[in-house]
Enquirer: 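Before anything else, here's the structure in question.
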2 protein chains.
Amino acid sequence: MVQTETSRAGRQKLVKKAEVILEGAMQEFLAHGYAATSMDRIAAAAGVSKATVYSHFQDKEGLFTTLIQRLAQERYRTIFDPQHPQSLQGEPRIVLRRLATEILDNSIEDQQFHDFMRIIVGESGRFPQLARIYVQNLAKPVIEILGQYLASHSELKLPDPEAAVRVFIGTLVYCVIFQELLHGKKILPMERERLIETLIHLIVPENL
Amino acid sequence: MVQTETSRAGRQKLVKKAEVILEGAMQEFLAHGYAATSMDRIAAAAGVSKATVYSHFQDKEGLFTTLIQRLAQERYRTIFDPQHPQSLQGEPRIVLRRLATEILDNSIEDQQFHDFMRIIVGESGRFPQLARIYVQNLAKPVIEILGQYLASHSELKLPDPEAAVRVFIGTLVYCVIFQELLHGKKILPMERERLIETLIHLIVPENL
DNA sequence: GTCTATACATCGATAGAC
DNA sequence: GTCTATCGATGTATAGAC
């Protein structure tokens, strides 16, 4: 019993060490960006020594890419990928409003997600593989699923459903980038409800 | 004559010194971002000593903000602000296609503009005043002018012209961000013509 | 005014004690 | 496995020669 507990504690400690380091790295990288973050500050934020950081991760770049991949794959997947596939069941007017509301609600208030997007865009020139992960894991699923949905609803009479998806998603994502990341809401505010209603008005014919 | 030429040469040299430094700073900052750029490399790129850089600019932050302000105000103003006000004269179908084509053509191929946008977004948390300049000088003019245009064309029957502008601009800007900055065109390509035609189809009624 | 040389701090990464 | 101590390189910024 004691052996088992000790063994479990030891294994948990191993697991938690890397986890604690990743948490400290997330805090520092998201706050200061890649280049301005030092391994010393990461170690301090995680409460371990710098040598311990290097025993779990090859170097700064490896720690950074591992962190961003985890954030993209595990945490923020739920923001754009509708966690409830059944949410795409129903008539377009309701489905589109629910999807747009879900995306905006999950993105606008999440300060950590803003920092994540700032890094993805800001480092997309020097870390193209991270931008690729964003495209592959976050953007592609919702674009394809919504594309299938719009294409299957011929009553919308959309000549190019795939392009219409880009209008829908582009409007919502640029809303977050412009209003929140770039602080545009202080200068040119735009209520999210007006945006959502306008998108629905443009995409869904009046008689539906 | 000789005096005048000497005087002119001296004055030009003064002006050109700061200009040369800004050009080297632009090269380095746009390529490597703020934190990863060193004053040594800026001085080397400009062909001057580091002390000369500090004699023209207070510090690294001052040089950076001065540079980004200049880029936003002088160079990239022409990208989003339609340089020809008369380009907004005419029927919506033609005006919107011309405006969208102009914005995309000027943004998609311009690698330097991509780096500029990466920095604006990537540093918008630590340099909010630079994001503010982008909003104020690049985004606000076109949003307001296009808003007036859409509002004045009541035959479009848009319930909320201001929100429709966000759809139009958001679609185009996110197209550039997604396809070019984030390298999305390799994974999920989308021809700009399809996007433009879809925007027009959604905003302009068929009988116009 | 512009240079060389340098002060001083901090960087990423590692060696060796335990 | 994790720590302390440290290496060599590089960072920002400045002093002093000319």
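Every chain is numbered from 1 and lettered A, B, ... according to where its sequence line falls, protein lines coming before strand lines.
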Enquirer: Could you note down all residue pairs passing ring-ring contact (aromatic ring centres under 6.0 Å, His included) where residues 175-194 of chain B supplies at least one of them, sequence neighbours left out?
Expert: Tyr174(B)-Phe178(B)

Enquirer: Does any pair with a residue in residues 113-122 of chain B pass salt bridge (charged side-chain N to carboxylate O under 4.0 Å, His left out), and if so which ones, sequence neighbours excluded?
Expert: Asp115(B)-Arg118(B)

Enquirer: In whole angstroms, how far is the C1' atom of dG1(D) from the CD1 atom of Ile21(A)?
Expert: 11 Å

Enquirer: Taking CZ from Phe57(A) and P from dT2(D), how many angstroms apart are they, rounded to a whole number?
Expert: 12 Å

Enquirer: Just N and O in the side chain of His56(B): are any of them under 4.0 Å from OP1 or OP2 of dG1(C)?
Expert: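 No, His56(B) has no side-chain N/O under 4.0 Å of OP1/OP2 on dG1(C).
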
Enquirer: Check side-chain contact (heavy atoms from CB on, under 4.5 Å) between Lys185(A) and all other residues, then give those that pass, not counting sequence neighbours.
Expert: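 Here the qualifying residues are Gln179(A), Glu180(A).
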
Enquirer: May I have all residue pairs that pass side chain to side chain donor-acceptor pair (under 3.5 Å) and include part of residues 187-198 of chain B, sequence neighbours excluded?
Expert: Asp160(A)-Arg194(B), Glu162(A)-Arg194(B), Arg97(B)-Glu197(B), Asp105(B)-Arg192(B)

Enquirer: Filter on salt bridge (charged side-chain N to carboxylate O under 4.0 Å, His left out), then keep only pairs touching residues 24-38 of chain B, sequence neighbours left out; what's left?
Expert: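 Sorted result for residues 24-38 of chain B: Glu28(B)-Arg41(B).
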
Enquirer: Within the 4.0 Å limit for protein heavy atoms, which parts of nucleotides 4-18 of chain D are touched? Write it as a string from 5' to 3', B for base, S for sugar-phosphate only, - for none.
Expert: B------SBBBB---

